Amino acid sequence: MPWPGKLDKSIAICKLCRAAIKYSGSTTNLSTHISRHHAAEANIDNASAAPSSTNMPPLENRDITQFIHQPQFSSNSARARRISTFVARFIALDLRPYSVVENDGFCDLVNELEPRYKIPRRQHFSEKRIPKLYIKTKDDLKERLLRAERVAITTDAWTSCATDSYVTITVHYVTSDWELESHVLQTRVFNESHTGKNIGALLKEACVEWNIADKDPALVTDNARNMIVAGVEAEMSPHLMCFAHTLNLAAQKAFRVSNAARVLGKVKKVVGFFYRNTTGADLLKQKQQQMALPGHTLINDVPTRWNSSHDMLERFLEQQPAIFATLMSRELRKGEDVSTLNENDLCNAEDMVKVMAPVKVITTVMCEDEQPTISMMAPLRAKLKKHFQATTEDTGLIREMKKVFLDDFEKRYTQVEDLLCIASALDPRFKSLPFLSDHDTERIFMCISDEATALHNKKAEETDKESHPSPMQEDPAHGDADNSPVEVQEEPRDGPPPCKKKKSTALDQLFGETYEVRTIGRSSRERANEEIQRYRERNLLPLNGSPLEWWRAQVDLPLLSAITKRYLCIPATSVAAERVFSTAGDIISSQRSDT
């Protein structure tokens with residue numbers, strides 16, 4: 001007899017007549033029962049078990065589950081709850097609408113994988129599963145943030161096509177295992193006016209909600225005036241301006257130089273013609289094949305992003321032979337003079353692409369999420385300043401573009417130069433600081449020593465307060481010492497618990513006060529300087545190396561490690577917040593309604 005509650009695998013239940021058939025590992029008994037009692041339903045002849053004219057396979061080869069009753073899972077069963085949890089994870093991680101659980105294709109897939117599972121309705125996921133998953137994920141993230149040395153915040157605002165305003169806040173930190181983590185704390189509707197005061201209040205509220213107000217959060221935003229005010233209102237320091245946005249502003253001003261704008265206008269006119277004229281676009285593809293050119297489409301620029309103008313010029317120069325051949329073809333010439341570019345314009349376009357190429361590469365590199373980027377800002381600033389210095393080989397257009405770019409770029413980050421240099425010094429790839437003088441290099445490492453010492457002393461004081469609370473913080477239930485039947489002796493503030501008192505000797509009586517035994521130890525300042533010296537003596541990390549992995553192995557530099565986590569967690573750009581809105585068109589739709 002099987003145990004109560006156990007599945008009896010020695011008996012099979014017929015789905016048609018509910019009869020119990022003994023099952024011993026083969027399907028002989030089952031096929032015999034079907035042949036004798038359900039021949040019509042199984043579409044076979046009672047006299048034989050041969051396949052029918054419909055090419056049905058023999059019963060011995062048919063799936064036994066077709067004849068065994070399989071009841072559906074209860075909604076409260078462990079298996080059903082687990083599947084529902086993973087469906088909720090699928091909706092959340094892949095940004096799927098709740099209506100996906102009612103789509104025919106998804107329902108067929110789930111039914112094929114587990115026929116006994118009945119998919120709940122969309123309201124079950126929108127009202128129960130997803131909120132429960134959010135709470136669990138939020139609690140887990142709060143615990144991880146509590147262990148972070150420091151956090152950095154990025155934020156940005158966006159308006160949807162339905163004129164709903166949203167604000168996203170992301171958090172960045174370095175874990176105890178030296179992994180750079182980034183998370184979206186919230187993306188919420190923000191109907192208030194986008195003033196600096198309102199955004200600052202929102203940032204403060206988010207820090208309190210996520211218990212990171214005491215993590216000395218740094219802030220990274222774009223260069224908008226309201227964001228600058230928001231940083232002051234939120235009392236977040238340092239407040240860095242997005243490096244990618246700064247480059248975008250300077251590059252846009254360089255492209256607005258009169259001759260550069262004229263060349264861009266002519267190229268944009270040609271590109272726009274091929275976007276509007278389907279015949280011209282088809283002829284262009286034919287010319288590309290004839291000239292063995294890449295089959296790339298032309299790129300039209302976006303006024304708010306300078307790199308799109310650079311890409312438009314670069315693609316135009318790549319496809320120039322095919323473009324001109326298409327515009328000169330008889331099928332297209334109807335009196336409209338689209339191409340007005342001359343040889344000088346083409347030369348200017350080539351020079352513009354060449355001079356702005358490093359800026360495009362830097363923009364791409366600085367938008368990474370997996371590696372620290374703040375430590376690259378100081379070296380890249382020095383690189384750009386050198387690149388945009390005018391030379392005797394520059395044309396008048398390039399000289400003017402360089403001047404406009406440099407004038408706008410040099411005035412940025414003047415208030416945080418030391419911070420950027422400290423971050424570079426803590427990156428083993430750039431710790432030699434070749435872009436600084438010897439005097440400034442020594443000054444930066446002195447600042448690191450001061451900060452490491454101050455941080456160590458601060459942590460020591462906090463630990464001391466936790467282990468030795470003041471009398472006002474003690475439990476009043478203990479009462480006064482005079483009324484307590486047990487004498488309480490306070491342990492020394494430093495060192496192990498007191499040992500058994502040794503007997504006083506004659507020498508102790510004679511010289512005890514003069515030759516008092518003291519423990520000689522290094523101060524936190526001395527330890528910080530020693531760590532800095534060891535750090536500077538070690539080889540530079542290759543540029544393609546991972547600074548976080550390098551620091552993970554430096555177990556003998558605890559003071560510098562703590563400082564490094566505080567700096568390398570700060571991103572150089574606010575791209576993390578902007579990326580949330582890049583998929584907004586896929587997310588904000590009627591399908592995502594929870595009704």
Side-chain angles (χ1 to χ4, degrees), residues 243-272 274 284 288 291-325 327 339-368 376-410 412 434-435 543 572-573:
F243 197 66
H245 189 251
T246 300
L247 292 179
N248 185 58
L249 294 176
Q252 281 186 336
K253 291 183 179 181
F255 274 130
R256 282 199 290 266
V257 171
S258 57
N259 289 335
R262 181 177 58 81
V263 173
L264 282 174
K266 290 183 177 181
V267 173
K268 188 169 184 177
K269 182 179 180 181
V270 175
V271 173
F274 283 101
L284 178 61
Q288 288 174 337
M291 298 181 177
L293 291 174
H296 298 154
T297 59
L298 300 182
I299 299 174
N300 208 347
D301 69 340
V302 179
T304 58
R305 298 193 178 275
W306 80 269
N307 54 334
S308 64
S309 300
H310 181 274
D311 293 341
M312 180 180 70
L313 290 177
E314 194 172 39
R315 181 62 55 82
F316 179 85
L317 293 173
E318 176 194 82
Q319 300 293 330
Q320 171 199 339
I323 292 172
F324 284 178
L327 294 176
S339 178
T340 58
L341 282 84
N342 54 38
E343 184 178 354
N344 186 52
D345 293 332
L346 294 177
C347 292
N348 285 336
E350 292 177 351
D351 292 340
M352 292 163 61
V353 169
K354 183 178 179 181
V355 75
M356 299 303 292
V359 185
K360 180 183 177 182
V361 174
I362 290 173
T363 303
T364 303
V365 170
M366 296 300 281
C367 294
E368 290 185 0
M376 293 189 285
M377 289 179 66
L380 290 178
R381 288 181 73 237
K383 180 73 175 179
L384 286 174
K385 288 181 180 180
K386 182 178 180 180
H387 175 74
F388 280 92
Q389 292 291 336
T391 65
T392 56
E393 299 177 356
D394 293 336
T395 63
L397 170 61
I398 298 304
R399 190 177 295 109
E400 187 177 1
M401 287 183 65
K402 284 185 173 182
K403 182 180 184 305
V404 171
F405 182 95
L406 202 55
D407 289 345
D408 184 81
F409 185 71
E410 280 189 322
R412 312 283 183 177
F435 48 89
L543 293 177
T573 70

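The model shown is predicted, which means the values in this text are computed figures rather than measured ones. When a residue number appears, it is its place in the shown sequence, counting from 1. Heavy atoms only: backbone and side chains are in, while hydrogens, waters and symmetry mates are out.
In summary, the side chains of D394 and T391 do present a donor paired with an acceptor at a separation below 3.5 Å, with no hydrogens or angles considered. Checking D301 against S309 by side-chain atom types alone, a donor-acceptor pair falls below 3.5 Å.
Here the shortest heavy-atom pairing between T392 and R399 reads O-NH2, 4.3 Å. For the pair P294 and Q319, the tightest heavy-atom approach, listed with the atom from each and the gap, is O-NE2, 2.9 Å. Taking both residues in full, the closest heavy atoms of A254 and A260 are given as O-CB, 4.1 Å, listed atom of the first, atom of the second, then distance.
Annotation: side chain of I398 is in contact with side chain of T395 (closest heavy-atom distance under 4.5 Å). Using a 4.5 Å heavy-atom cutoff, the side chains of T573 and H245 are not in contact. Using a 4.5 Å cut-off on side-chain heavy atoms (C-beta onward), V355 and D351 make no contact. A 4.5 Å side-chain heavy-atom check between F243 and R381 finds at least one atom pair inside the cut-off. In this structure, the side chains of I299 and V271 stay at 4.5 Å or more apart for every pair of heavy atoms. Looking at I323 and F274, their side chains come closer than 4.5 Å, going by heavy atoms from C-beta outward. Side-chain contact between N259 and M401 is absent, with no heavy atoms from C-beta onward closer than 4.5 Å. Inter-residue side-chain proximity for L346 and F324 is flagged as met; some heavy-atom pair is nearer than 4.5 Å.
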Derivation of the side chain to side chain contact (heavy atoms under 4.5 Å, CB included) call for L284 and L298: CA-CA 10 Å; L284 178 61; L298 300 182; 4.2 Å; yes
Q389 and K402: CA distance, side-chain angles, deciding distance, side chain to side chain contact (heavy atoms under 4.5 Å, CB included) verdict: CA-CA 7 Å; Q389 292 291 336; K402 284 185 173 182; over 6 Å; no
Derivation of the side chain to side chain contact (heavy atoms under 4.5 Å, CB included) call for T363 and W306: CA-CA 11 Å; T363 303; W306 80 269; 4.1 Å; yes
CA sep, side-chain torsions, deciding dist, call: D345, R262, salt bridge (charged side-chain N to carboxylate O under 4.0 Å, His left out): CA-CA 9 Å; D345 293 332; R262 181 177 58 81; 3.0 Å; yes
Step-by-step side chain to side chain contact (heavy atoms under 4.5 Å, CB included) determination, R412 to L249: CA-CA 11 Å; R412 312 283 183 177; L249 294 176; 3.6 Å; yes
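Judged by distance alone, with hydrogens and angles left aside, the side-chain atoms of Q252 form a donor-acceptor pair with the main-chain N or O of P303 at under 3.5 Å. For the pair H310 (side chain) and M352 (backbone), a donor-acceptor distance under 3.5 Å is absent. Of the possible polar contacts, one joining the Q288 side chain to the H296 backbone as a donor-acceptor pair under 3.5 Å is found. A side-chain donor-acceptor contact under 3.5 Å links N248 to the backbone of T304.
Here the CG atom belonging to L384 is positioned 9.0 Å from the CG atom belonging to L406, to the nearest 0.5 angstrom. Here the CG-NE2 distance, from L380 to H387, works out to 12.5 Å after rounding to the nearest 0.5 Å. Rounded to the nearest 0.5 angstrom, Q320 CD and M291 CE are separated by 10.0 Å. Once rounded to the nearest 0.5 Å, the distance linking CG of L313 with OG of S308 reads 10.0 Å.
Heavy-atom contacts from other residues, nucleotides or ligands closer than 6.0 Å to CZ of R305 number 12 or fewer. The 12-atom threshold is exceeded at NZ of K385, counting heavy atoms of other residues, nucleotides or ligands nearer than 6.0 Å.
Below 30°, between 30° and 60°, or above 60°: for F405 and F388 the angle between ring planes is below 30°, a parallel geometry.
Between E400 and K403 there is no salt bridge, since no side-chain nitrogen of the basic residue lies less than 4.0 Å from a carboxylate oxygen of the acidic one. By the 4.0 Å N-to-carboxylate-O rule, K360 lies close enough to D311 to be salt-bridged with it.
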